[in-house]
Amino acid sequence: MKYEMLYLIDSAMAEEAREALIAKFEETVKGLGGTVVSTDKWGVKKLAYPINYKSDAFYVLMTFEADGSAIKELDRIAGITDGVMRRMITKAN
């Protein structure tokens, strides 16, 4: 199955830390038996509404292929990772 994960990283995070976080999610997908198709860094964008009193975030869209069981674990890891403000995993066509 092909999935997309859009996640928002705190824009105040240092660039090296942000790149490490992006690499961490790619490694997580590979570790769960999936393959990363692409990682699209959209950059800092204004949020529709404030999250934790912040008005902007760094957007990243990762497209990957994995089993349904891997999705639950990826979502759990993203949920407990510092610096990730929001995440959403959807099925891609």
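- One hydrophobic cluster holds both Val29 and Phe25 under the rule that ILVMFWY side chains link at heavy-atom gaps under 4.5 Å.
- Ser38 is not listed as a side-chain neighbour of Met62, based on a closest heavy-atom distance of 4.5 Å or more.
- Clustering ILVMFWY residues whenever any of their side-chain heavy atoms sit less than 4.5 angstrom apart, transitively, puts Val84 in a cluster other than the one holding Leu47.
- How far NZ of Lys72 is from CD1 of Ile89: 12.0 Å, rounded to the nearest 0.5 Å.
- Here the side chains of Glu65 and Met1 are not in contact, with every heavy-atom distance at 4.5 Å or above.
- Rounded to the nearest 0.5 Å, atoms CG (Leu32) and CG (Asp67) are 9.5 Å apart.
- Linking Ile, Leu, Val, Met, Phe, Trp and Tyr whenever their side-chain heavy atoms come within less than 4.5 Å puts Tyr49 and Leu8 in one cluster.
- Rounding to the nearest 0.5 angstrom, the gap separating the NZ atom in Lys2 from the OG1 atom in Thr90 is 12.0 Å.
- Side chains of Phe64 and Leu74 form a contact here, defined as non-hydrogen atoms less than 4.5 Å apart.
- Checked for salt-bridge contact, Lys24 and Glu19 miss the test: no charged N lies under 4.0 Å from a carboxylate O.
- Within the model, atoms CD of Glu4 and CE of Met88 stand 8.5 Å from one another, a figure rounded to the nearest 0.5 Å.
- Residues Arg87 and Asp75 have side chains in contact (heavy-atom distance under 4.5 Å, counting atoms from C-beta outward).
- The shortest distance between side-chain heavy atoms of Thr35 and Lys30 does not fall below 4.5 Å.
- Side-chain contact check for Tyr59 versus Leu6: some heavy-atom pair is nearer than 4.5 Å.
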Exercise. Can Tyr3 and Ile71 be said to form a side-chain contact (heavy atoms from CB on, under 4.5 Å), step by step?
Worked result: CA-CA 9 Å; Tyr3 295 94; Ile71 301 308; 3.5 Å; yes
Exercise. Could you walk me through whether Asp40 and Val60 pass the side-chain contact (heavy atoms from CB on, under 4.5 Å) check?
Worked result: CA-CA 6 Å; Asp40 207 4; Val60 183; over 6 Å; no
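- With salt bridges taken as basic N to acidic carboxylate O contacts below 4.0 Å, one links Arg76 and Glu73.
- A salt bridge links Lys54 with Asp10: the distance from a Lys NZ or Arg NE/NH1/NH2 to an Asp or Glu carboxylate oxygen falls below 4.0 Å.
- Between Ile22 and Tyr7, some side-chain heavy-atom pair lies under the 4.5 Å cut-off.
- Inter-residue side-chain proximity for Ser11 and Val44 is flagged as met; some heavy-atom pair is nearer than 4.5 Å.
- Of the residues listed (Met13, Met85, Lys41), the one engaging Phe58 in a side-chain contact (heavy atoms from CB on, under 4.5 Å) is Lys41, and it is the only one.
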